[in-house]
Amino acid sequence: MAGNISEFNAGNLKLQPSQTGEESVVRSAYRIGAFGRQQAQAYDTEGRAIGGGIAAAGQAALKYEDHREISKGANDGSQMWLGLEQQWNNTVKTADPNDPRVAQRFRDDVLEPALEDFQDGFHTERSQEWSTRYVEQMRQHFFTKTSADMSTLAGIATHDNAMRTANTLATAVYADPSSLGTAFDTFDHSLDGLAGSSPTLSAADAAKIRETFGDEAKKQMVSAAVHGAIARGGDWHSIADNPKYSPYINAPEIQQFARVEKFYQRGAEVEAKQKLLLDKQIATQNMHDAVNDSWSKNVSVDPTGHVVIGSQFLRDMVNLPVAHHDAPDAVQTAKTYIDWTESQQKPAPVSDDHGAVDGLMTTIADPSVSLDQAKLAILKADTAHPMTARTRTDMLQLAADMRSVNDPFLARDMDAAKAIVEPKYGGQNLNPGGFAKFYFDFVHNQYLPLKMKGTLPPNALDMDDPKSLISQAIAKATPTLPAAVSANGGLGAPVPVYTAPKGTRAAPAKPPTITDKADYDKLAPGAAFVDQHGKLWTKPKGEPAGPTLQAGQT
Amino acid sequence: MAFGESTVNDIAGGVSDFFAAFGADQQAAATGEEAQTYGEAATLAQQNEQFTAQSTAIQEAQQNRQITQAMGRTTAQVAGAGFANSGTALSLMRSNAEQGSLSQAVTAQQGLMNEASYAEQAQADTNMQTAALDTEAAEKNAATGDIIGGVLKGVAAIASVV
């Protein structure tokens, strides 16, 4: 029966889709998007933070590097500047001032490479800007300096060239004062050319040279012309009064010219006198040369000691005043030699007149007497008081020797030695002729040979030293008692009454040794003295001149 | 070529831009994932639409049944008066079976749908967690970057004083 089957009704079935998943997914999508943006923001923030840190650190490093490079650059730049200055100065020293390429070459070959190398050392913007300004300053400085220096050099060169021209023209007008006008024109033309043609001379310097040096040079030429006229005895007033030249002469210079004129006039007079004197001296010397020449050719001494005189000698002497008429002493000299020649015709004496011979010693030893004059004196003495040939020969030789000695000590010591070698007793010479022999022997055979060799002992003339050369020579020449007796007639000869010798010459006192100013001041003017080193000096006769070292002393 | 402020700024800007680019890349990836997730949501919506269609169909079927049942009751009422309908018991049984099956199926389907929705919710939450963790890492990097930036600035400050 169908009526009892229950009916199952499922009801109003429906599926209820859940929105949960969809909504969750949508929310997650939204959140994922938001998270993505948040992540992007975080990374962006991180990047900004790191970037900011990098920027800050980079700025600090940049500032440090800027400061370091600029500091180093300042030091390097100053040294480079100094080096370039020195290089330029060295370049200028040897440069041709008229070469316009000197400065440009220096700038191109030296300056610019140095500046370029300098700039290469900078790597930051700021340091490069600094170096660029620094380099530009240097470039400007050296451009100005090189141009100015070259212009200065050119100015100096132009000045020097103009000066040389002016000097040459001044020399010319000095020689020919009438050419002064031409010299002026020549100089103006030269100066214009020098100043105008220099490629490195600035216009200002050229104008300055024309203005200042032109007047200076013309002044010099006018002065030279006036001096030239004065020197030649010409009319310098015509130059000084000429309106063209008078602007270059001032009043003090006029006075100076007048003084110069007087000086030249006096100088001409003195010159004339000096010429006359010189002519006489030359003529006298020529005369003596002729006499000596004739003597050497015509006069000799034979083995017996007899003088042999050729006839030509007499003829030469007779002709002497004629041949040398301008020599003042020609006549007197000729007479002396002629008289002497005649005297030689007499028999030769067997002994000398010792007094005459002694009288010759002073003349022979006097260094102011020439050899020719000494020779004449000897021959005159021989004529008046004939000597033996030996003595005459020795005296002539001694005269020649003494002109080679030139030692004041020797003359002084000889005076002292005379009293020892030729002692006198009661007015009687105990060793007649001994001094002359001693004099000749000591000077000719001992003193002069050693002096010529350079081996003369320092104490050779020390008479206080018994071992000195002169002391030993004196000792040998001093007569012994028998010799003295024999020389005066031997034993039994009448002994003259002793009379006190007059004015016995004592041995000259040894010069005092002076070691301080007080002792020096006490010395008489002209007195000799010895210093603490043993050197012999002479106090001058007039102060404030200082003492003079005596001849032969060093 | 000089090393100057522009160079430093360019380097710093480059680093910043690099990080910004990385961030933009991350954002693009996130945006892509967002889009994909929206797509999934759309898919879910479509599924729900289908479920709704299914539900509508079921409801229509039930309405039709109810209408049919109403007609049948009438018929049955008529038949009850003496009419035999041999097919009514079987139809009821069959109808009951159908209803039962339908009810079970709908229940099961509903359960699965609920389960799926919660699973999707869980997955969505997991995705958000992952995105949040990624964001945390990014923000930690940002903090590190701040530290690095701060250290660099500190060094720069000291250097400027010294």
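Below, chains carry the letters A, B, ... as their sequence lines are ordered, and counting in each starts from 1. Because the structure is a prediction, the values reported are computed rather than measured.
- Ion pair A:Asp160/A:Arg164 not flagged as a salt bridge, since none of the NZ, NE, NH1 or NH2 atoms sits closer than 4.0 Å to an Asp/Glu carboxylate oxygen.
- If you tally non-hydrogen atom pairs under 4.5 Å between each of A:Ala60, A:Gly58, A:Ala40 and chain B, the highest count goes to A:Ala40.
- If you tally non-hydrogen atom pairs under 4.5 Å between each of A:Gln59, A:Glu23, A:Gln41 and chain B, the highest count goes to A:Gln59.
- Heavy-atom pairs under 4.5 Å with chain A peak, among B:Glu120, B:Glu5, B:Gln26, B:Glu34, at B:Glu34.
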From CA spacing to verdict: side chain to side chain donor-acceptor pair (under 3.5 Å), A:Gln104, A:Arg101: CA-CA 5 Å; A:Gln104 189 61 43; A:Arg101 297 165 299 173; over 6 Å; no
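- Of the inter-residue distances, the one linking A:Glu211 atom CD with A:Leu191 atom CG reads 11.5 Å to the nearest 0.5 angstrom.
- Here the CG atom belonging to B:Asn114 is positioned 10.5 Å from the OG1 atom belonging to B:Thr107, to the nearest 0.5 angstrom.
- Heavy-atom pairs under 4.5 Å with chain A peak, among B:Ser55, B:Ala138, B:Gly149, at B:Ser55.
- Contacts of A:Arg126 with chain B are absent, with no heavy-atom separation under 4.5 Å from either backbone or side chain.
- In this structure A:Phe122 satisfies the ring pair (Phe, Tyr, Trp, His ring centres under 6.0 Å) test together with A:Phe118, A:Trp130, sequence neighbours excluded.
- Proximity to chain A involves both the backbone and the side chain of B:Tyr38, based on heavy atoms less than 4.5 angstrom apart.
- Both the backbone and the side chain of B:Ala132 have a heavy atom closer than 4.5 Å to some heavy atom of chain A.
- Taking chain A as the reference chain and counting heavy-atom pairs below 4.5 Å, the highest number among B:Glu136, B:Gln104, B:Gln36, B:Lys153 is found for B:Lys153.
- Residue with the most contacts toward chain B among A:Ala34, A:Ser28, A:Ala29, A:Ser18: A:Ala29 (heavy-atom pairs, distance under 4.5 Å).
- We find the CE-CZ distance between A:Met150 and A:Phe106 to be 12.0 Å, quoted to the nearest 0.5 Å.
- Interatomic distance, CD of B:Glu40 versus CD of A:Glu22, reported as 12.0 Å (0.5 Å rounding).
- Of the listed residues (B:Asp134, B:Asp10, B:Asp17, B:Asn48), the one with the most heavy-atom contacts under 4.5 Å to chain A is B:Asn48.
- For B:Thr52, the parts sitting under 4.5 Å from any heavy atom of chain A are the backbone and the side chain alike.
- Residue B:Gln54 is tested with B:Met113, B:Glu49, B:Gln109 for a side chain to side chain contact (heavy atoms under 4.5 Å, CB included); the sole match is B:Gln109.
- Atom CZ of residue A:Arg105 and atom CG of residue A:Asp109 lie 8.0 Å apart, to the nearest 0.5 angstrom.
- Among residues 61-81 of chain A, the residues having any heavy atom closer than 4.5 Å to a heavy atom of chain B are, in sequence order, A:Leu62.
- Of the listed residues B:Asp146, B:Thr126, B:Asn141, the one with more heavy-atom pairs under 4.5 angstrom with chain A than any other is B:Asn141.
- Taking the ring centre of A:Phe35 as origin, the terminal cationic atom of A:Arg31 falls inside the region bounded by 6.0 Å and 45° from the ring axis.
- Taking CG from B:Leu44 and CD from B:Gln47, the interatomic distance works out to 5.5 Å, rounded to the nearest 0.5 Å.
- Ring pair B:Phe22/A:Tyr43 is perpendicular by interplanar angle, where above 60° counts as perpendicular and below 30° as parallel.
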